[in-house]
S.K.: 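I have a structure here, written as structure tokens, and I will follow up with some questions on it.
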Amino acid sequence: MTSLTHGELIKKLRLERNLSQETLSDGITSRNTLSSLEIRKSNISFQNLFQYC
């Protein structure tokens, strides 16, 4: 069993829903912040994680 990081999970769900980073991040964070999160270069607050999901 493989566990996913928060960023990997968000990316997986985003791609399953055919959403661009720009679309998902709109109103939450910048696209660059989401990109950094997805490639493990930044941490995420609970509030932003909840909003992305």
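Counting begins at 1 with the first residue of the sequence.
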S.K.: Going by the rule side-chain hydrogen bond (donor to acceptor under 3.5 Å, both in side chains), which residues pair with Ser35 if we only count those two or more places apart in sequence or in a different chain?
M.R.: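 Ser35 satisfies side-chain hydrogen bond (donor to acceptor under 3.5 Å, both in side chains) with no residue once adjacent residues are dropped.
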
S.K.: Would you compute the distance between atom CG of Leu4 and atom NZ of Lys11 and round it to the nearest 0.5 angstrom?
M.R.: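 Spacing of CG (Leu4) from NZ (Lys11) equals 12.0 Å.
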
S.K.: Could you grab the distance from atom CG of Asn32 to atom CD of Glu22, nearest 0.5 Å is fine?
M.R.: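 Result: 9.0 Å between the selected atoms.
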
S.K.: Can you tell me how far CZ of Arg14 sits from CG of Leu9, rounded to the nearest 0.5 angstrom?
M.R.: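 So the gap between those two atoms works out to 12.0 Å.
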
S.K.: The criterion is salt bridge (charged side-chain N to carboxylate O under 4.0 Å, His left out); which residues satisfy it with Arg31, sequence neighbours excluded?
M.R.: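 If we apply the salt bridge (charged side-chain N to carboxylate O under 4.0 Å, His left out) test to Arg31, skipping adjacent residues, there are no hits.
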
S.K.: Using 0.5 Å steps for rounding, measure from the CD atom of Gln21 to the CG atom of Leu15.
M.R.: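 Between atom CD of Gln21 and atom CG of Leu15 there are 8.5 Å.
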
S.K.: Mind checking what makes side-chain hydrogen bond (donor to acceptor under 3.5 Å, both in side chains) contact with Ser36, not counting sequence neighbours?
M.R.: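 With neighbours one apart ignored, the set is empty.
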
S.K.: Restricting to salt bridge (charged side-chain N to carboxylate O under 4.0 Å, His left out), what partner residues turn up for Glu16, sequence neighbours left out?
M.R.: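 Result, salt bridge (charged side-chain N to carboxylate O under 4.0 Å, His left out) vs Glu16: Lys12.
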
S.K.: Rest of the hydrophobic cluster containing Leu19 (Ile/Leu/Val/Met/Phe/Trp/Tyr, side-chain heavy atoms under 4.5 Å)?
M.R.: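 Ile10, Leu24, Ile28, Leu34, Leu37, Ile44, Leu49, Tyr52, all in the cluster of Leu19.
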
